[in-house]
Amino acid sequence: MWLWRVRDNARALSGRPPKYAGIWVYLGWVVPVVNLWFPRGIVADAYRASAPERRLPAVVNVWWGLWLAGLLGGFLQQGDADSLIGRAYSEIGPLLVADLAVAAAAVAGALMVRTVTAAQTARLARA
């Protein structure tokens with residue numbers, strides 16, 4: 001919901017259409033390969049349209065990098081359920097790194113939401 005709303009707000013604030021079609025707000029998370037860059041692109045496009053005088057905040061890239069690290073770390077843990085459970089007891093390091101990356105991505109995501117929302121609110125207040 002937030003991503004859809006921030007995209008619509010950016011369109012209203014800038015007067016220009018978004019770079020990504022609306023369907024990608026949802027499909028961008030689930031279509032393989034596309035999900036590696038579209039969600040970040042939608043956020044970056046919305047921010048740039050909302051605050052064209054400012055650089056893209058680092059928290060956007062930190063959030064996305066951590067999300068990808070957690071996502072790809074989970075894919076590296078291939079195998080059947082029994083082998084995954086066995087590795088959770090014997091090779092806990094990679095599992096912990098992937099889980100920590102996802103948890104850190106959640107925190108960075110909250111900061112990213114606050115940053116982009118604040119930029120849009122400030123732009124609206126100036127208008």
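These numbers come from a predicted model, not from an experiment.
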* Flag yes if Trp24 and Trp2 sit in one hydrophobic cluster, no otherwise; membership is Ile, Leu, Val, Met, Phe, Trp, Tyr, and two members link when side-chain heavy atoms are under 4.5 Å apart. => yes
* Within the side chain of Arg123, is there an N or O that forms a donor-acceptor pair under 3.5 Å with the backbone of Leu13? -> yes
* **Between CD1 on residue Ile42 and CH2 on residue Trp4, distance to nearest 0.5 Å** => 9.0 Å
* Return the orientation label for the Trp29 and Trp67 ring planes: parallel under 30°, perpendicular over 60°, tilted otherwise. => perpendicular
* **Steps toward salt bridge (Lys or Arg N to Asp or Glu O under 4.0 Å) verdict (Asp8, Arg5)** => CA-CA 5 Å; Asp8 283 348; Arg5 185 172 292 156; over 6 Å; no
* To do: Verify side chain to side chain contact (heavy atoms under 4.5 Å, CB included) between Leu27 and Val34, making sure each step is shown before the conclusion.
  => CA-CA 9 Å; Leu27 288 181; Val34 169; over 6 Å; no
* Following the transitive rule for hydrophobic clusters with a side-chain heavy-atom cut-off under 4.5 Å over Ile, Leu, Val, Met, Phe, Trp and Tyr, establish whether Leu66 and Leu71 coincide in one cluster. => no
Contacts table for residues 46-54: side-chain donor-acceptor under 3.5 angstrom, sequence neighbours left out:
{"residue": "Ser50", "atom": "OG", "partner": "Ala46", "partner atom": "O", "Å": "2.7"}
{"residue": "Ser50", "atom": "OG", "partner": "Gln120", "partner atom": "NE2", "Å": "2.9"}
{"residue": "Glu53", "atom": "OE2", "partner": "Arg126", "partner atom": "NH2", "Å": "3.4"}

* Trp64 side chain to Leu36 backbone, donor-acceptor under 3.5 Å -> yes
* To do: Supply the atom-to-atom distance Arg7 CZ to Asp45 CG, rounded to the nearest 0.5 angstrom.
  => 8.5 Å
* To do: Would you kindly confirm whether Phe38 and Val31 end up in one hydrophobic cluster when ILVMFWY residues are joined by side chain heavy atoms under 4.5 Å apart?
  => yes
* Is Leu68 reachable from Leu3 through a run of hydrophobic residues whose side-chain heavy atoms are each under 4.5 Å from the next? -> yes
* To do: Go through the steps for Asn61 and Arg40 under the test side chain to side chain contact (heavy atoms under 4.5 Å, CB included), then give the verdict.
  => CA-CA 8 Å; Asn61 292 325; Arg40 183 219 170 262; 2.8 Å; yes
* Asked: When clusters are formed by joining ILVMFWY residues with side-chain heavy atoms under 4.5 Å apart, either directly or through shared neighbours, do Leu95 and Val97 land in the same one?
  -> no
